[in-house]
Amino acid sequence: MERLPTGVKGLDGLVEGGIPKGFTVAAVGEPGTGKTVFSIQFTATGLARGEKCIYVTTEESRESIINQAARLGFDFEEALRKGSLVIIDALMWEYGDVWSIKELDVEELISKVIEAKKYLGHGHTRLVVDSMSAFWLDKPVMARKYSYMLKRSLAKWDVTIVATAQYAVTSALGFGFGIEHVADGILRLRKAIISGVLKRLLIIEKMRQTNHDRRVFEVEVRNGEGLVIVKPVEISGDALRRLSPSPYFEEGELRF
């Protein structure tokens with residue numbers, strides 16, 4: 001089985017060398033946990049390997065993604081000029097911009113992705129959708145259906161998909177719990193405030209056909225590197241039992 005490196009230092013070794021090619025992986029979590037950084041790294045790593053990439057941004061503009069990539073040390077503007085990257089802007093639609101989406105409609109998204117795939121040419125393509133949550137903001141009951149539509153419609157187009165999804169700040173729960181059911185892998189990003197400092201956490205909740213690590217890890221976002229695995233984290237029994245519904249951990253529940 002061919003596996004794709006994620007670009008996150010320390011992560012690939014936890015999933016037998018990377019994400020299996022052709023998988024759909026969900027990167028889920030509350031705001032500020034590193035989902036977009038992970039998406040940018042996954043894209044940049046593909047570009048560095050000579051792969052074609054499509055990045056769909058629904059909550060930030062194309063320019064914002066380019067600027068964030070630059071801060072992390074990745075030149076997305078050059079990749080756009082070379083024709084190895086397409087950034088589909090689903091937030092700031094502009095008349096005449098062929099790589100933008102006017103409406104947050106899943107069928108329009110799929111159509112635009114296929115158009116971009118044809119533009120990039122033959123061969124494997126990394127696809128990021130950041131985030132899928134935007135497509136079911138007013139109808140969370142449709143989350144699973146829309147996620148299924150995306151995966152099924154693109155299955156024959158030789159893509160590996162990373163799709164992010166927002167979790168609520170108040171409950172740390174997903175809106176609709178759709179993408180988790182459909183995804184082949186789930187990377188769960190969390191956060192904790194310890195001694196007044198924000199700590200980010202990563203849990204590999206699922207990765208099909210993979211003997212993945214099941215520990216909780218501290219991660220950091222570093223300039224010039226992006227998301228980096230720091231070390232495993234010990235969690236108290238009480239905190240572990242309420243891991244899913246709690247947006248934050250309490251002082252003393254984590255040992256770094």
Side-chain angles (χ1 to χ4, degrees), residues 1-8 11-12 15-28 35-36 38-58 62 65-66 69 74-76 78-90 98-101 105-132 134-135 144-165 178-187 204 206-210 212:
M1 175 186 294
E2 183 177 353
R3 294 179 180 268
L4 305 180
T6 61
V8 176
L11 176 58
D12 294 345
V15 288
E16 294 189 344
I19 293 173
K21 185 179 178 181
F23 267 29
T24 295
V25 173
V28 301
K35 300 184 299 298
T36 295
F38 173 74
S39 298
I40 289 172
Q41 281 177 266
F42 180 74
T43 302
T45 301
L47 293 171
R49 286 163 44 92
E51 299 175 42
K52 305 296 179 66
C53 297
I54 302 169
Y55 195 113
V56 181
T57 175
T58 67
R62 181 184 295 118
I65 296 300
I66 292 170
F74 308 126
D75 190 350
F76 277 11
E78 176 64 17
L80 289 167
R81 285 193 295 268
K82 289 170 57 178
S84 55
L85 170 66
V86 171
I87 301 178
I88 299 173
D89 192 331
V98 67
W99 300 125
S100 64
I101 296 176
D105 176 81
V106 171
E107 290 185 357
E108 184 175 352
L109 165 69
I110 293 168
S111 177
K112 188 61 67 175
V113 167
I114 292 173
E115 183 181 346
K117 182 72 173 68
K118 291 177 179 178
Y119 164 80
L120 291 171
H122 295 290
H124 175 261
T125 300
R126 295 189 183 208
L127 168 64
V128 166
V129 183
D130 181 26
S131 76
M132 280 297 293
F135 292 93
R144 188 171 184 176
K145 178 180 179 179
Y146 288 167
S147 301
Y148 176 75
M149 285 173 61
L150 179 78
K151 181 178 180 180
R152 185 174 185 272
S153 298
L154 298 177
K156 65 180 180 182
W157 288 95
D158 194 13
V159 296
T160 299
I161 303 171
V162 164
T164 71
I179 198 167
E180 292 89 344
H181 294 285
V182 173
D184 301 298
I186 303 172
L187 302 179
I204 305 164
K206 173 183 176 182
M207 194 66 67
R208 287 176 177 148
Q209 303 175 45
T210 302
H212 63 83

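Along the sequence shown, residues carry numbers from 1.
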Inset, instruction - Please assess K112 against E115 for the test salt bridge (Lys or Arg N to Asp or Glu O under 4.0 Å), listing each intermediate value before the final yes or no. - result: CA-CA 5 Å; K112 188 61 67 175; E115 183 181 346; 3.3 Å; yes
Inset, instruction - Kindly check if the number of other-residue, nucleotide or ligand heavy atoms within 6.0 Å of CZ (R49) is above 12? - result: yes
Legend entry - Flag if over 12 foreign heavy atoms under 6.0 Å of CD, E107: no
Legend entry - Contact summary for L109 and V56, nearest pair of heavy atoms: CD1-CG1, 3.7 Å
Legend entry - Side-chain (D184) to main-chain (T24) donor-acceptor, under 3.5 angstrom: yes
Legend entry - Minimum heavy-atom distance I179-A163, with the two atoms named: CD1-CB, 3.3 Å
Legend entry - Validation row: R62, Y55 side chains within 4.5 angstrom (heavy atoms): no
Legend entry - Heavy-atom pair of closest approach, residues T58 and S131: OG1-N, 2.9 Å
Legend entry - Contact summary for P20 and R208, nearest pair of heavy atoms: CG-O, 4.3 Å
Inset, instruction - May I ask you to check whether over 12 heavy atoms, not counting those of K145, lie within 6.0 Å of atom NZ? - result: no
Legend entry - Nearest heavy atoms of E51 and L4, plus distance in Å: OE2-CD2, 4.3 Å
Legend entry - Nearest-0.5 Å distance that lies between atom CD1 in I40 and atom SG in C53: 12.5 Å
Legend entry - Side-chain donor-acceptor pair present, T160, H124, cut-off under 3.5 Å: yes
